[in-house]
Amino acid sequence: MKTVYACFTTDVIHEGHLNIIHEAEKYGELTVGVLSDEAMVKFDRFPTISFQERMELVRSIPGVARVVRQGDVMYDEVISELRPDYVIHGDNWLEGPTRAIRSNVERMLRPYGGQIIDVPYTYNENVKRIDDRIREKLAMPEFRRRRLKQLLTIRPIVKAIEVHSGITGVIAEKTVVEHGGRLDQFDAMWISSLCDSTAKGKPDIELVDMTSRFRTIEDITEVTTKPIIFDGDTGGLAEHFMYNVRSLERLGVSAVIIEDKTGLKKNSLFGTEAAQTQDSIGHFSEKIRAGKKAQLTDDFMIIARIESLILERGMGDALERAHAFVGAGADGIMIHSRKKDPAEIIEFCDKFRSGDQVTPLVVVPSSFNMVTEEELAQHGVNIVIYANQLTRSAFPAMEETAKDILRHHRAKEVDGRLMPIKDIISLIDTL
Ligand code: SPV
Ligand code: MG
């Protein structure tokens with residue numbers, strides 16, 4: 001009896017999967033691999049049911065002889081172990097980034113003469129409706145909110161990219177690259193105060209009010225499913241912060257980061273060039289306590305951001321604050337720096353980790369952008385935020401286009417660098 005292998009990356013069995021099983025039966029005995037939670041998350045199919053439930057679901061389908069766990073999106077381990085005669089998959093992996101997975105399977109099968117069976121991918125109204133329903137479910141506040149904590153337990157480092165609108169949200173949601181045989185994408189989104197303000201043509205001084213910032217969140221949640229980390233600036237008055245924590249939870253935000261400054265906040269990248277006042281440890285700790293007291297779900301995180309290195313108050317002050325804020329209930333610490341060299345950030349992380357191995361650490365490498373995600377993870381960093389790169393890449397491009405249309409009195413000269421209209425249309429989902 002020949003053997004056939006298929007990997008399922010889903011919470012719901014629909015006619016597309018049944019078709020694969022039906023086809024597989026023509027070739028031999030079918031083993032189905034159920035992708036582990038870790039691998040699903042990396043592949044951005046966040047599970048809505050547990051791994052055990054997914055195993056049971058597949059086991060109950062007639063035509064499936066055996067169910068195994070597949071621990072990675074790539075098939076190396078599972079093929080070495082099972083040596084199937086055939087691997088069967090929908091032919092949608094002939095295109096796009098998932099081609100890398102097909103190449104991986106081809107490479108693994110070649111040495112012993114195994115073969116791939118590409119089955120025409122089932123895509124009809126019914127399958128689309130099921131896919132859409134899973135996406136809609138993942139976009140619901142109760143699912144989205146807990147995703148950050150889930151990611152922290154299963155990703156070596158959580159990667160967040162700045163978003164400030166529906167379209168930047170779509171880019172964060174959908175951008176996948178295949179690089180060196182691996183698929184990569186962002187895990188989460190950062191709603192930066194700098195970029196939210198800039199998109200509205202306003203300075204980053206807590207001028208854009210919360211009602212407007214919440215509207216930005218809604219623009220983003222309407223078209224995405226990934227978890228959100230919200231830049232809460234100073235958090236404002238503790239009495240107001242309490243209400244905002246609840247509003248953020250209700251909107252499905254996973255975490256708010258508040259910084260230990262008071263009075264008129266200016267962007268940290270000004271450093272000491274702008275007069276800025278750091279809050280006292282006692283007062284800021286009270287704000288954290290107030291937020292934690294107001295919080296209603298277990299999923300939400302309040303992360304304390306320390307400005308001591310930005311304001312040149314020294315490493316000792318930064319560390320003292322970090323431990324004090326954790327003591328006050330902070331669920332994470334963000335340490336910021338505007339030095340080009342990551343040395344002070346690394347020193348902080350190492351020293352903090354020598355006394356606290358569990359509290360998540362967040363960094364924003366805008367200035368110290370040489371440092372890699374791998375290096376940061378080695379020093380105990382759990383979340384890396386690319387805080388403003390989408391904004392900083394988009395606006396110079398728009399400005400150049402505006403100038404060139406003025407120069408040429410027409411738009412022909414700029415056309416070559418514009419996104420084709422059909423690509424814009426396919427980027428945006430319609431119901
Ligand atoms: C933001 O993105 O708004 C931040 C990070 O707060 S920074 O601009 O580096 O201060
Ligand atoms: Mg900010």
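One-based numbering, in listed order, for ligands and for the atoms of each.
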| message | Suppose I only count heavy atoms of Ala387 and a 4.0 Å limit; which atoms of ligand 1 are within that range? | response | 2 (O)

| request: Look at Glu347 together with Lys351 and state whether they make a salt bridge at an N to O cut-off of under 4.0 Å. | output: yes

| message | Starting from atom 2 (O) of ligand 1, what is the nearest protein heavy atom, named by residue and atom, and what distance separates them? | response | Ser192 OG, 2.8 Å

| message | I'd like to know if the Mg ion (ligand 2) has an N/O/S atom from Ser268 within less than 2.8 Å of it, counting both backbone and side-chain atoms. | response | no

| task | Just say parallel, tilted or perpendicular for the rings of His17 and Phe8, cut-offs at 30° and 60°. | result | tilted

| said: Could you check whether any heavy atom of Glu162 sits closer than 4.0 Å to an atom of ligand 1, since that is the contact criterion I want to use? | reply: no

| request: May I ask you to list the atoms of ligand 1 that are less than 4.0 angstrom from any heavy atom of Ser268? | output: 10 (O)

| request: Could you tell me whether Asp317 and Arg321 make a salt bridge, using a distance below 4.0 angstrom between a side-chain N and a carboxylate O? | output: yes

| said: Can you see whether Phe143 has Arg146 sitting over its ring - NZ or CZ less than 6.0 Å from the centre and within 45° of the normal? | reply: yes

| field | Contact partition for Asp231 relative to ligand 1, non-hydrogen atoms under 4.0 Å | value | side chain

| said: Below 2.8 Å, can you find an N, O or S atom of Asp204 next to the Mg ion (ligand 2)? | reply: no

| task | Answer yes when Lys339 and Glu344 have at least one side-chain N-carboxylate O distance shorter than 4.0 Å, and no when they do not. | result | yes

| note | The atoms of ligand 1 lying under 4.0 Å from a heavy atom of His336, numbered in the order shown, are 7 (S), 9 (O), 10 (O)

| query | Is Asp331 salt-bridged to Lys292, going by a charged N under 4.0 Å from an acidic O? | reply | yes

| message | Under 3.5 Å between any N/O of Leu194 and any N/O of ligand 1: does that happen in this structure? | response | yes

| note | For Asn267, the atoms of ligand 1 under 4.0 Å from one of its heavy atoms are 7 (S), 8 (O), 10 (O)

| task | Would you mind telling me if ligand 1 is within reach of the side chain of Arg305, the backbone, both or neither, using heavy atoms under 4.0 Å? | result | side chain

| task | Using a strict cut-off of less than 4.0 Å between a Lys/Arg side-chain nitrogen and an Asp/Glu carboxylate oxygen, indicate whether Arg289 and Glu286 qualify as a salt bridge. | result | yes

| request: Please determine if Arg145 and Glu249 form a salt bridge, counting it only when a charged side-chain N lies under 4.0 Å from a carboxylate O. | output: no

| request: Would you mind naming the N, O or S atom of Asp231 nearest to the Mg ion (ligand 2)? | output: OD2

| query | Looking at side-chain heavy atoms only, is the closest gap between Trp93 and Ile116 below 4.5 Å? | reply | yes

| Numbering as shown, the atoms of ligand 1 that approach Leu269 to under 4.0 Å (heavy-atom distance) | 8 (O), 9 (O)

| said: Side chain, backbone, both or neither: which applies to Arg338 and ligand 1 if a contact is any heavy-atom pair less than 4.0 Å apart? | reply: neither

